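Just so it is clear, the model here is predicted, and its values are computed rather than measured.
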Amino acid sequence: MTNTNIEKVAIYLRKSRQEEGMSDEETLHKHRKELVDLVESKGWQYDIFQEVGTSQDIEYRPEFSKLMERIKAGYYSAVVAIELSRISRGSESLVIVEKFQERNVIIVTPNKTYDPNNESDKTLIEAELFGSRLEYQFIKKRLNEGKKRSARMGQWTNGVAPIGYRYNRDTKKLEIREDESETIRLIYDLYLDGQSQHEIGFELNRRGITTRNGAFYQSATIGRILRNPVYIGSVVYGKSEGSGHLHKKSKPLQFKDESKWIRVDDAHPAIVGKEQFNEVQRQLKKRDKIPSRAKAGTFTTSGLLKCGKCGGSLPYRRRKLASGNYVVYVHSCGHMDVYGNRCTNSGIRLDFILKHVKNEVDRYENELTSNRTDGQEVTKNRIQRKINGLKKEIDNMNGAFDRIKKLFINGMIDENEMNEEAESVRNKLDAKNYELREARREYDEVSDESNHLKLQRIAKLKEHFDEMNPESKKANELLKELIERITFEREGNQINIDVEFL
Ligand SMILES: [Zn+2]
């Protein structure tokens with residue numbers, strides 16, 4: 001198992017069976033310390049997720065939901081727990097292990113590291129959580145059949161209850177959550193009042209209404225809420241199978257034919273009336289048909305030009321001149337933040353930006369050419385020595401954690417002193433790791449191969465780049481091989497253009 005590409009990890013903690021002679025709190029504290037020591041000894045960055053409650057059920061584990069959201073967003077390369085069963089056990093763990101697999105997240109415990117993408121590790125996970133692989137497959141099959149059966153009875157089997165509802169474990173059905181259901185009604189009302197999904201999102205954010213995880217409402221979330229028949233009391237199961245990501249080991253996401261869905265109406269209390277819901281569906285279809293702003297073609301800076309104020313992509317407009325020719329403008333930004341406030345960045349003629357890009361490319365070419373000297377080998381060797389030195393220092397610092405711990409165990413320092421020492425080592429370690437990353441980047445930069453390649457690309461670009469042609473597809477392709485992004489910011493006559501090379 002190689003842990004070399006682990007950068008950031010999540011420590012997950014919740015109460016487990018007490019250890020002898022310790023209270024719940026003490027046990028948790030001990031586990032926390034053990035895991036923090038573990039990740040620090042490896043030099044990993046970390047966030048801690050600690051449940052307050054004791055529930056096994058994901059729905060009542062808010063920290064775990066937060067953690068899963070972050071995992072889906074690609075924040076972490078590993079989850080660290082005191083033992084496998086702390087993350088999950090039983091049927092739920094099926095889903096969780098698959099999510100980890102999709103995101104290439106490994107599980108680290110003090111005793112063992114598990115990589116769900118490694119077949120033998122996966123068998124181990126299955127064995128530890130279910131007893132054996134056979135049992136795992138049996139449970140999986142039974143679970144699917146059981147889910148279908150439950151769905152036919154109008155029970156909720158689709159995971160965490162949708163916003164507006166809570167899952168009742170006794171009836172296995174959904175029941176209304178008053179605090180959240182008001183938001184659902186508000187969303188439906190605003191939509192029928194003529195507001196768009198975007199506008200509804202802004203309105204909720206302005207009112208300080210957030211999703212269950214404390215996130216801002218996005219128009220896509222509003223769209224899903226407006227289309228979800230759960231809000232008229234229906235349960236729909238089996239719309240799709242497989243998962244929607246590109247990992248080759250899992251089935252691709254497929255939507256099943258509607259005739260194969262299991263749909264039960266009046267399965268639980270409705271939040272929205274059927275008439276209102278149907279009217280919303282009718283309007284969703286109608287409003288969908290209004291063509292969105294006609295898609296402009298490819299411009300020379302398409303996909304590269306970003307707003308310097310808000311980071312959004314900037315829109316282009318063609319304008320016809322008296323001569324009959326077209327001129328392309330970068331339009332003012334107008335991008336809206338989550339509250340609906342418009343970005344105020346102004347626009348400019350695109351050829352103005354292209355001229356600047358041309359100058360920057362020339363400057364960059366000169367810089368690369370002047371770097372190609374005999375001195376380059378010397379520079380590379382110097383940086384390599386620096387990298388080696390840094391690696392050694394980092395290894396020593398990792399060892400320092402153990403030494404500090406030993407001092408504490410031997411009574412040479414107290415707990416406060418130990419924590420202070422560890423904190424200071426951690427800060428130094430962060431700084432050294434940063435230096436190491438910078439040195440590696442520097443090494444790549446002076447490396448002849450990459451310079452040579454870049455110079456070739458520049459030469460090719462120059463064949464096709466004409467700052468007076470704002471709609472060159474070829475120049476756009478070549479620019480993308482050379483440039484990471486171009487940011488543009490304008491306040492009156494104050495103009496700022498920044499070209500970032502790859
Ligand atoms: Zn902007």
Side-chain angles (χ1 to χ4, degrees), residues 59 65 69 72-73 151 154 156 158-167 173-240 244 253 255 258 261-295 310 312-313 315 333-343:
E59 185 155 5
S65 309
E69 286 297 315
K72 283 182 212 158
W156 184 251
N158 291 347
V160 176
I163 196 152
Y165 287 104
R166 77 164 63 81
Y167 178 69
K173 291 194 173 197
L174 295 180
E175 52 188 39
I176 293 179
R177 236 179 103 155
E178 281 309 329
D179 54 339
E180 291 180 352
S181 61
E182 272 172 40
T183 308
I184 302 297
R185 281 185 207 107
L186 178 64
I187 290 171
Y188 275 79
D189 287 346
L190 290 174
Y191 190 76
L192 288 181
D193 262 1
Q195 293 205 23
S196 72
Q197 295 175 31
H198 275 290
E199 287 165 339
I200 297 172
F202 299 148
E203 179 67 34
L204 296 182
N205 295 336
R206 277 196 294 260
R207 293 191 193 190
I209 301 171
T210 61
T211 70
R212 205 177 279 164
N213 291 329
F216 289 118
Y217 273 97
Q218 313 258 344
S219 81
T221 316
I222 303 292
R224 276 198 296 276
I225 289 174
L226 289 171
R227 287 180 174 84
N228 197 341
V230 78
Y231 296 116
I232 48 170
S234 300
V235 163
V236 180
Y237 179 77
K239 269 187 177 174
S240 62
L253 182 73
F255 285 97
E258 201 169 333
W261 297 358
I262 297 170
R263 179 174 175 138
V264 180
D265 293 329
D266 303 316
H268 51 258
I271 293 177
V272 175
K274 276 179 191 153
E275 271 167 42
Q276 195 184 11
F277 184 80
N278 291 338
E279 179 57 23
V280 165
Q281 304 316 302
R282 210 177 58 77
Q283 293 204 18
L284 277 167
K285 267 189 200 143
K286 201 171 81 185
R287 295 199 214 168
D288 265 357
K289 278 190 192 134
I290 299 168
S292 54
R293 199 173 14 170
K295 262 251 185 295
C310 71
S313 294
C333 178
H335 194 271
M336 281 193 258
D337 70 8
V338 293
Y339 303 107
N341 302 317
R342 258 179 209 287
C343 179

Is there a side-chain contact between [X] and [Y], using heavy atoms and a 4.5 Å cut-off?
X	Y	answer
Ile176	His268	no
Val236	Val230	no
Tyr191	Leu284	yes
Asn341	Met336	no
Ile271	Tyr188	no
Ile200	Tyr217	no
Tyr231	Pro162	yes

[atom1]/[X] to [atom2]/[Y] distance, rounded to the nearest 0.5 angstrom?
X	Y	atom1	atom2	answer
Asp266	Ile232	CG	CD1	8.5 Å
Glu279	Leu192	CD	CG	6.0 Å
Tyr167	Leu174	OH	CG	8.5 Å
Cys343	His335	SG	NE2	8.5 Å
Thr221	Gln218	OG1	CD	6.0 Å
Thr183	Ile222	OG1	CD1	9.5 Å

Strictly distance-based, threshold 3.5 Å: is any side-chain N or O of [X] a donor or acceptor partner for the main-chain N or O of [Y]?
X	Y	value
Arg342	Gly334	yes
Gln281	Leu226	yes
Asn228	Arg224	no
Glu182	Asp179	no

Less than 4.0 angstrom from a charged side-chain N to a carboxylate O is my criterion; do Lys274 and Asp265 meet it?
no
Should the pair Glu203-Arg206 be classified as a salt bridge under the 4.0 Å nitrogen-to-oxygen rule?
yes
Considering all heavy atoms, the nearest [X]-[Y] contact:
X	Y	result
Arg263	Ser234	NH2-OG, 3.4 Å
Ala151	Val264	O-CG2, 3.2 Å
Glu180	Gly164	OE1-N, 2.8 Å
Gly154	Ala267	O-CB, 3.5 Å

Please determine whether side chain to side chain contact (heavy atoms under 4.5 Å, CB included) holds for the pair Leu186 and Leu204, giving the CA-CA distance in whole Å, both sets of side-chain angles, and the decisive distance to 0.1 Å.
CA-CA 9 Å; Leu186 178 64; Leu204 296 182; 3.5 Å; yes
